A.B. asks: 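Here it is: the structure, laid out below.
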There are 2 protein chains.
Amino acid sequence: MPLPVSLKNIASRAGITKAAVSMALRDHPSISVARRAEVQKLAREMGYRPNLLARGLVGKSTRSIGIAWTLGRPISGGIVQDLTIRLWNRGYVTFMANSLSDPIITRQILSDFTQRGVDGVIIEAAGLLNDPVLVGQLKGFKAAVALASEIDDVPVNLVKQVTSYGIRQMLDYWLATGRRRIGFIGEASHDKIEPIRQKLLEFGLPADHVHIVDVTNQPPTVNYFDHYWSALDRTFPRPKEPFPCDAVLCAADGGASALLKWLAHRGLRVPHDVAVAGIGDVDMARGTTPPLASLDRHGDTLSETIEALLFQRLERPDEPVLIKTVPTTFVWRESAGPCPTCLASARKGLPCPLHAKKVV
Amino acid sequence: MPLPVSLKNIASRAGITKAAVSMALRDHPSISVARRAEVQKLAREMGYRPNLLARGLVGKSTRSIGIAWTLGRPISGGIVQDLTIRLWNRGYVTFMANSLSDPIITRQILSDFTQRGVDGVIIEAAGLLNDPVLVGQLKGFKAAVALASEIDDVPVNLVKQVTSYGIRQMLDYWLATGRRRIGFIGEASHDKIEPIRQKLLEFGLPADHVHIVDVTNQPPTVNYFDHYWSALDRTFPRPKEPFPCDAVLCAADGGASALLKWLAHRGLRVPHDVAVAGIGDVDMARGTTPPLASLDRHGDTLSETIEALLFQRLERPDEPVLIKTVPTTFVWRESAGPCPTCLASARKGLPCPLHAKKVV
DNA sequence: ATGAAAGCGCTAACAT
DNA sequence: ATGTTAGCGCTTTCAT
C-alpha cells in the first residue's frame with residue numbers, strides 16, 4: 001500500500017515551502033499561475049490526498065454532518081438514507097448515530113459530534129427538545145436542524161412533520177362515512193391523539209371516545225406485526241366480547257397488517273365492521289388484504305427540506321431560525337372503507353371515474 | 001455557548017505544560033498521583049472535552065469506522081442500524097455513505113474514509129470485490145470487513161451470506177411437494193439462480209426450466225410492489241395465456257406481495273396453483289394473504305459476525321484473514337404450499353403438532 | 001508576487 | 001519520578 005503523500009513531500013520535490021504548495025493547490029492568487037499548474041500537476045502525479053483531519057483541525061470546516069436518529073423504524077429509515085446521499089452530493093460525509101430516542105444517549109452523541117468538529121447536525125427529536133441541555137448543545141453547532149412534530153419555540157431550524165394534518169383528513173373521511181368508535185394503537189403521543197379528539201369534538205362527539213391501546217414501541221422494535229398482535233391479545237383477551245371500535249388507526253403499517261389478520265381471526269370484516277389504517281405507507285401496504293390505507297409522511301419532501309434548512313444555515317448563519325412544516329396525507333385504500341372518489345361521484349349521481357363499476 | 005477548553009487552558013491554570021496535562025488525564029506514570037488527581041479535577045470543573053480531530057491527527061486511532069453500504073433496501077437496512085449501535089457501544093462512531101453498489105462511487109467513499117483516518121471499514125460488496133482498485137483500497141485500512149455472497153479469495157475479512165443455503169431448502173420442499181415449473185423474479189444474480197438450477201438437476205429436471213423475470217433493482221428502489229407489478233404486466237401481457245410457473249421465488253418480500261395480488265387478479269390461487277416466496281422475511285410477510293413464506297437472512301447474526309471480524313482484525317492485525325459464513329434459512333408460511341410439519345406428520349400417520357386439525 | 005513563521009490541539013519521544 | 005521539547009499535516013498571517 002502506497003504511503004500517504006503530504007504537502008511536505010510535494011514541497012521538497014518542488015523546492016518550495018509546504019505553505020506555498022497548499023496555496024497553489026487551492027489557486028490562491030499569491031502564487032503565480034505557472035507555479036500553480038506545475039504544483040497541481042505534481043500533486044496529481046504523486047497521488048496527493050489531503051489529510052482531512054489536519055485540514056479540519058486548522059480550518060473552519062470538516063465537511064461532515066452528524067445525524068442523530070432513532071434508527072430501526074421502517075418509516076424514517078428512508079429519510080436517513082436519502083439525507084446521506086444528499087449530503088454526499090454536496091461534498092459532506094455523514095456521521096451516523098442511533099439516538100434510540102433517549103436524551104442521555106443523544107447528549108453523548110452530540111458531545112461526540114462536537115468533539116469531532118462536525119459542521120452541522122441533524123436530529124430526529126421526537127420529544128427530545130424538552131431537554132434544555134440538549135437544546136443548548138444544538139446551539140453550539142454552526143448549523144442544526146431538528147425534525148419534530150410538536151415543539152415550536154426552539155432556537156434551531158426546525159422541520160415540523162404535521163402528523164395531525166393527515167389524521168384530520170382521515171377522521172373527516174371516517175366520520176363522514178359513519179364511523180364513531182375510533183381506536184388508536186401505538187405510542188399514544190400528543191400529536192396523534194389530540195387531532196383525533198379535536199375532530200370528535202368538532203362532530204359533536206365526546207372526546208374521550210377514543211379507544212387507545214398504548215403500545216410503546218421501544219426503539220429497536222423491528223417486528224411490529226408480532227408486537228401488535230400480542231398487544232391485541234393482551235388487551236382483548238375474550239374473543240366473545242364485541243370489539244369496541246369501528247375504525248382503528250395504527251401507528252405503524254406493520255402493526256396495522258397484524259390488526260387486519262387479528263380482526264379476520266376474530267370473525268370481523270374489514271372494512272365493513274372495522275376500518276383500519278396505518279402510518280408510513282410502506283410498499284407492502286398495497287399487499288395486504290384488503291389493501292391498507294395509510295398516512296404518507298412524504299419522506300422525500302422531508303429530507304429535501306431538512307437539507308435545505310441545514311445549508312441555508314451553514315451558508316447564512318446570521319439569518320433567523322426557520323420553521324418549515326411538512327404535512328402527512330391520507331392515502332385511501334380499501335381497508336379504510338368505501339372509496340372517497342366513488343362516494344363523491346355518487347353524491348353527484350355520476351359513476352366513479354376510478355372505479356366505474358363499483359359505484360356505491 | 002461556552003467556548004471549548006483545550007489542554008493549554010488547563011495547563012496555564014495549573015501552571016504546567018499542556019503535555020503534562022495530557023499525561024495526567026490519561027494516568028501516565030510519569031505524573032505524580034497527587035498531580036493527576038488535581039489536574040483531573042480541574043479538567044472536570046472546566047468541562048474539558050478532548051478535540052478528537054487533533055487526537056486523531058497525532059494518535060493511531062480516530063475511534064471511527066466507515067460503512068459503505070447500498071442503503072435503501074429494507075432487508076439490509078436493519079444490519080446497518082444494528083452495526084451502528086454495536087460500534088457505538090464499543091466507543092466507535094460511524095461514517096455512513098451510500099455506495100449505491102457502484103464501484104466508482106465506492107472508490108470515492110473509501111478514499112474519503114482514508115483521508116479521514118478511519119480505523120476500519122465495513123463494506124457491502126455485492127459484486128464490488130471484482131474491482132482490483134477497490135480491493136487495493138480495502139487493504140490500506142487497518143481493518144476491513146466485506147459482506148459478500150460469492151467471492152472467496154479476497155485478502156480481507158469476509159462475511160459470506162450463503163443465500164444458496166435457504167434457496168436449496170426451499171427447492172427441496174417445493175420439488176418434494178410436486179412443484180416443477182420454478183420461477184424467479186428479481187435481479188438474477190448467480191448466487192440465487194445457480195442453486196435453483198442445481199436442485200433441478202439433482203431431481204433429474206432440465207436446468208433451463210427456471211423462468212426468470214430479471215427485474216434489476218436499481219439501488220434507490222423503495223417501492224418494490226409497484227416495481228414488480230409493472231414488470232409482471234410487461235412480461236405477461238396476455239391475461240388469457242397460462243402462467244408458466246407453479247412456484248416463484250421473489251428477491252424481495254415487497255415484490256412477492258405484489259405477485260400474490262397479481263396472481264389473484266389473474267384468477268390463480270396461491271398456493272394451490274402457484275406457490276410464492278420472498279426474501280428478507282420482513283414483519284409484514286406475516287400480514288399478506290396468504291402469509292408469505294420467505295428467506296430469513298439472519299441480520300442479527302450477520303451484524304454480530306461483522307462486528308466480531310472487524311475487531312478481531314483491529315486487535316490482532318497480524319493474524320490471517322478470516323471468512324465466516326451466515327446461511328439464509330427457509331421460513332415456511334402458507335404461500336409456499338402445505339405446512340412441512342403437517343406433511344412430515346402425515347407421512348408417519350400422525351396429526352400435525354402445529355396444526356392438529358389441518359392434517360393433509 | 002513570493003516565501004517563512006506561527007499555530008491549531010494533541011501525544012510520543014526525549015531530557016532532567 | 002517529573003516534565004519539556006518536537007512534531008503530526010494543514011492553513012493563515014506576516015514579512016520580504
Side-chain angles (χ1 to χ4, degrees), chain A residues 2-40 42-43 46-64 111-119 142, chain B residues 2-40 42-43 46-64 111-119 142:
Chain A
L3 40 147
V5 27
S6 72
L7 284 185
K8 201 163 101 178
N9 302 142
I10 303 178
S12 70
R13 286 258 265 139
I16 52 175
T17 358
K18 52 181 183 163
V21 176
S22 168
M23 299 166 96
L25 290 179
R26 285 171 303 139
D27 277 321
H28 196 283
S30 304
I31 307 292
S32 72
V33 180
R35 248 282 133 83
R36 285 184 221 170
E38 176 197 334
V39 171
Q40 287 170 9
L42 189 57
M46 296 176 70
Y48 171 71
R49 311 257 68 191
N51 180 325
L52 264 21
L53 249 28
R55 182 175 278 176
L57 180 59
V58 61
K60 61 233 79 274
S61 165
T62 53
R63 300 205 77 85
S64 64
S111 171
D112 188 286
F113 286 168
T114 306
Q115 295 177 255
R116 293 182 191 271
V118 299
D119 296 325
K142 277 189 300 214
Chain B
L3 40 147
V5 26
S6 72
L7 286 185
K8 200 163 103 178
N9 303 141
I10 303 178
S12 70
R13 287 258 265 136
I16 51 175
T17 351
K18 52 184 182 157
V21 176
S22 167
M23 299 166 97
L25 290 179
R26 285 170 303 140
D27 278 321
H28 196 283
S30 304
I31 307 293
S32 73
V33 181
R35 183 131 272 166
R36 284 184 223 170
E38 175 197 332
V39 172
Q40 286 170 10
L42 189 57
M46 297 175 71
Y48 170 71
R49 309 258 70 190
N51 179 324
L52 264 19
L53 249 30
R55 183 176 277 180
L57 180 59
V58 63
K60 61 232 80 275
S61 166
T62 53
R63 298 205 77 86
S64 64
S111 171
D112 188 286
F113 286 168
T114 305
Q115 295 177 254
R116 293 182 191 272
V118 298
D119 296 325
K142 275 188 301 209

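All values reported here derive from a predicted model rather than from experimental measurement. Proteins come first, then strands; the chains are lettered A, B, ... in the order of their sequence lines, and each starts at number 1.
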A.B. asks: Would you say a side-chain N or O of Thr17(A) is under 4.0 Å from OP1 or OP2 of dA4(C)?
C.D. replies: yes
A.B. asks: Say whether, by atom type as modelled, one donor and one acceptor occur between the side chain of Arg63(A) and the main chain of Leu52(A) under 3.5 angstrom.
C.D. replies: no
A.B. asks: How many Å lie between CZ on Arg35(A) and P on dT2(C), as a whole number?
C.D. replies: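 Arg35(A) atom CZ is separated from dT2(C) atom P by 7 Å.
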A.B. asks: Do you see a donor-acceptor pair shorter than 3.5 Å between the side chains of Ser111(B) and Arg49(A)?
C.D. replies: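 On atom types as modelled, these side chains qualify, holding a pair under 3.5 Å.
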A.B. asks: Regarding Ile31(A), tell me which of base, sugar-phosphate or nothing describes its non-hydrogen contacts under 4.0 Å with the strands shown.
C.D. replies: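 Sugar-phosphate contact only.
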A.B. asks: Using atom types as modelled and distance alone, determine if a side-chain donor or acceptor of Arg36(B) lies under 3.5 Å from a backbone N or O of Ile31(B).
C.D. replies: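 Yes, Arg36(B) side chain to Ile31(B) backbone: donor-acceptor pair under 3.5 Å.
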A.B. asks: Just verifying a value: how many Å separate Leu25(A) CG and Gln40(A) CD, rounded to the nearest 0.5 Å?
C.D. replies: 6.0 Å
A.B. asks: Can you measure Glu38(B) atom CD to dT2(D) atom C1' for me and round it to whole angstrom units?
C.D. replies: 14 Å
A.B. asks: Would you mind reading off the distance between Arg36(A) atom CZ and dT2(C) atom P, rounded to a whole angstrom?
C.D. replies: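 After rounding, the reported distance stands at 9 Å.
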A.B. asks: Please report, rounded to the nearest Å, how far the P atom of dC10(D) is from the CZ atom of Arg116(B).
C.D. replies: 14 Å
A.B. asks: About how many Å separate OG1 of Thr17(A) and CE of Met23(A), when rounded to the nearest 0.5 Å?
C.D. replies: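 Going from the CE atom of Met23(A) to the OG1 atom of Thr17(A) covers 9.5 Å.
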A.B. asks: Check whether any side-chain heavy atom of Tyr48(B) sits under 4.5 Å from a side-chain heavy atom of Leu42(B), and report yes or no.
C.D. replies: no
A.B. asks: Between protein and nucleotides 8-16 of chain C, map the contacts as a letter string: B base, S sugar-phosphate only, - none, heavy atoms under 4.0 Å, written 5' to 3'.
C.D. replies: BBBBBB---
